[in-house]
Trainee: 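This is the structure I want to talk about, given as structure tokens.
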Number of protein chains: 2
Amino acid sequence: MTSEGAVVSNKQVIFKDYVSGFPKESDMYVTTTSTKLKVPEGSKAVLVKNLYLSCDPYMRGRMSNLASEDPQFSPFQPGSPIYGFVVAKVVDSGHPEFKKGDLVWGIIGWEEYSLITEPERLFRIPYTDVPLSYYTGLLGMPGITAYFGLTDICSPKEGERVYVSAASGAVGQLVGQFAKLMGCYVVGSAGSKEKVFPEGIDIYYENVGGKMLDAVLLNMRAHGRIAACGMISQYNLQQPEGRLQLTSIIYKRVRIQGFVAFDYFSQYSKFLDFVVPYIREGKITYVEDIAEGIESAPAALVGIFSGRNVGNK
Amino acid sequence: MTSEGAVVSNKQVIFKDYVSGFPKESDMYVTTTSTKLKVPEGSKAVLVKNLYLSCDPYMRGRMSNLASEDPQFSPFQPGSPIYGFVVAKVVDSGHPEFKKGDLVWGIIGWEEYSLITEPERLFRIPYTDVPLSYYTGLLGMPGITAYFGLTDICSPKEGERVYVSAASGAVGQLVGQFAKLMGCYVVGSAGSKEKVFPEGIDIYYENVGGKMLDAVLLNMRAHGRIAACGMISQYNLQQPEGRLQLTSIIYKRVRIQGFVAFDYFSQYSKFLDFVVPYIREGKITYVEDIAEGIESAPAALVGIFSGRNVGNK
């Protein structure tokens, strides 16, 4: 038990340097610093204790030294902690809207304790009758990605055929369940296997890219929609893979739409209205892959690019 | 002068056999048959004299033996005339809505005279104060393609940057002019040169595909739109070219939409309302490449795949 305002040790996962090719555990290291369990006098910051860190494929992009117009995609700083989606508990607060004990999620550093100077960007955790780790998955960014990518980008209609790649991943497993609840036929594939509907595909929820996308393009039906939120097969390549037969999208009137979950965060409550009743009725399940201890975070993050799905502290 | 009901000679351009790779003149031949200048007794058919035949890149697809769900894209029949967009004059009619002397355009065989059994699918020529050949271009399928691809697929906003490939082609030259009239900045490229805006591209009107598309993808701005109505660089290849760096569409929220002009033919009058006043004010120009005589049609069609733009009889 630490008293308020005490100085405690604070383990951090530090980003060593920019990565090319597959990331390795040695691209990160764990170090121990110390932190005071109190926000600076007069500041509106919030100090949190981090409970769950999420390993997400999009984080690979931030390990490369590529400029981005989006602050959400700007590179990690070598020598500073990695950051990603985190579930945390408020330890001390100078902000009128947060108080000690509040549960939040948002983009936070990979460390045991974080001082957050812009707490307005955190989400409050609305329900605690589900596992808190769900706010890095089903009820967090992956859930928002799955829901709005499917509904807003693909407008699924009853009876349509939905194909999901990386269907065992944090996002993919939800797309499939959401699409079924909306009356669609769903086929998912995991790994590199290509399974498609013999009758063709109305909606493809793209998580993989490369050869998988090419196989799907040839099987799209007229007026098909492809929601592209990730292409994990391509992130670690120097050259893009696959000679895409894009001409087929013309006469099939196929739409390919890139999208970013951050754009839908303002509609979080709409997503919760949809998903929470299904969770309570047991109609949605969610598989998590949880590793213990912040020391295991680098291995968990590296693991998602070699076939593992989600890793959390 | 031929009397009504007379039998006249009728030159036809016959499709010899399915093509792989670049089409050659010898994939077609001109033959002479005869036809009676009268529709069969009691039929609702229309007999037309063809005035202008249009050579369009999409016709390459019909020269391959590939099944299509769309009748508009089903393969030509070896041993039968090629068909495409044609401007024609009614010679005889069994249909109550057409009479001798009416001018029409639509998909018609490449021959001097054609008996049309489904005249409902023809369009009447609404204005004759413009060159009749325009109904195979500016006021025909290419114009419809340019207009609806730009407006319906790309929703151009004033000040946006529009890039057009194959900008000297039948469609490309119109996209550029339409976009300028809508207040956009336009850059066009012809041939294989890649010229892009240093500040990036909001709208790309895709006629080329392959390496051109890849270069553009890397230069798209956030929320950019790509209207894909053709990829002429790819039509004659056995394998698609270019390793497309599609991952960039995700974080840039780019939309790629394939579309087919046929889907907009029902909105022809809306397009005319837009374009005809500009033509009359001299604010739209249109460059045509007209070859004389049906015997020159095979060379004209082959020519569009080696750098020529439009060929008409």
Side-chain angles (χ1 to χ4, degrees), chain A residues 57-58 60-62 66 68-70 72-74 145 149 153 200 206-210 213-214 217-218 220-264, chain B residues 57-58 60-62 66 68-70 72-74 145 149 153 200 206-210 213-214 217-218 220-264:
Chain A
Y58 86 93
R60 173 62 187 86
R62 312 192 80 159
L66 298 171
S68 172
E69 293 163 35
D70 278 293
Q72 296 96 339
F73 299 118
S74 58
T145 306
I153 308 287
E206 163 69 304
N207 290 305
V208 167
L213 176 57
D214 197 35
L217 282 172
L218 294 176
M220 289 300 288
R221 305 182 82 196
H223 302 283
R225 288 87 75 198
I226 298 178
C229 81
M231 296 190 185
I232 195 170
S233 72
Q234 306 294 294
Y235 296 166
N236 299 306
L237 304 179
Q238 300 297 314
Q239 288 291 320
E241 170 207 69
R243 297 183 172 270
L244 297 173
Q245 307 191 45
L246 263 192
T247 49
S248 67
I249 71 166
I250 298 170
Y251 67 88
K252 289 180 179 172
R253 295 91 160 155
V254 167
R255 186 177 75 218
I256 307 174
Q257 172 80 60
F259 75 100
V260 167
F262 295 104
D263 296 347
Y264 296 100
Chain B
Y58 86 92
R60 173 62 187 85
R62 312 192 80 158
L66 298 171
S68 172
E69 292 163 35
D70 278 293
Q72 296 97 337
F73 299 117
S74 58
T145 306
I153 307 288
E206 163 69 304
N207 290 305
V208 167
L213 175 57
D214 197 34
L217 282 173
L218 294 177
M220 290 300 290
R221 304 182 83 196
H223 301 283
R225 289 86 76 197
I226 298 177
C229 80
M231 297 189 186
I232 196 171
S233 71
Q234 306 295 293
Y235 295 166
N236 300 306
L237 305 179
Q238 300 296 313
Q239 289 290 321
E241 170 208 70
R243 297 182 171 271
L244 297 174
Q245 306 191 45
L246 263 191
T247 48
S248 67
I249 72 166
I250 298 170
Y251 67 88
K252 289 180 181 173
R253 297 88 159 159
V254 167
R255 186 177 76 219
I256 307 175
Q257 173 79 60
F259 75 100
V260 167
F262 295 104
D263 296 346
Y264 295 100

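Please read these numbers as outputs of a predicted model, since none were measured by experiment. Letters go in sequence order (proteins before strands), and every chain restarts at 1. Heavy atoms only: backbone and side chains are in, while hydrogens, waters and symmetry mates are out.
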Trainee: When only pairs under 4.5 Å are counted, which of A:Val254, A:Ile153, A:Ile250, A:Val260 shares the most heavy-atom pairs with chain B?
Mentor: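 Among the listed options, the one with the most contacts to chain B is A:Ile250.
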Trainee: With a 4.5 angstrom heavy-atom cut-off, which part of A:Tyr251 approaches chain B: side chain, backbone, both or neither?
Mentor: both
Trainee: Heavy-atom distance under 4.5 Å to chain B: side chain of A:Leu213, backbone, both or neither?
Mentor: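 Side chain only.
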Trainee: May I ask you to name which of B:Ile256, B:Ile249, B:Asp263 has the most heavy-atom pairs under 4.5 Å with chain A?
Mentor: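 Top count of heavy-atom pairs under 4.5 Å with chain A: B:Ile256.
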Trainee: Determine all donor-acceptor pairs shorter than 3.5 Å in which one atom belongs to a side chain in residues 225-232 of chain B; sequence neighbours excluded.
Mentor:
residue  : atom : partner  : partner atom : Å
B:Arg225 : NE   : B:Cys154 : O            : 2.9
B:Arg225 : NH1  : B:Glu160 : OE2          : 3.2
B:Arg225 : NH1  : B:His223 : O            : 3.3
B:Arg225 : NH2  : B:Cys154 : O            : 2.9
B:Arg225 : NH2  : B:Ser155 : O            : 3.1
B:Arg225 : NH2  : B:Glu160 : OE1          : 2.6
B:Arg225 : NH2  : B:Glu160 : OE2          : 3.4

Trainee: Of all heavy-atom pairs between B:Arg253 and A:Phe73, which one has the smallest distance, and what is that distance?
Mentor: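 Closest heavy-atom pair between B:Arg253 and A:Phe73: NH1-CE1, 4.4 Å.
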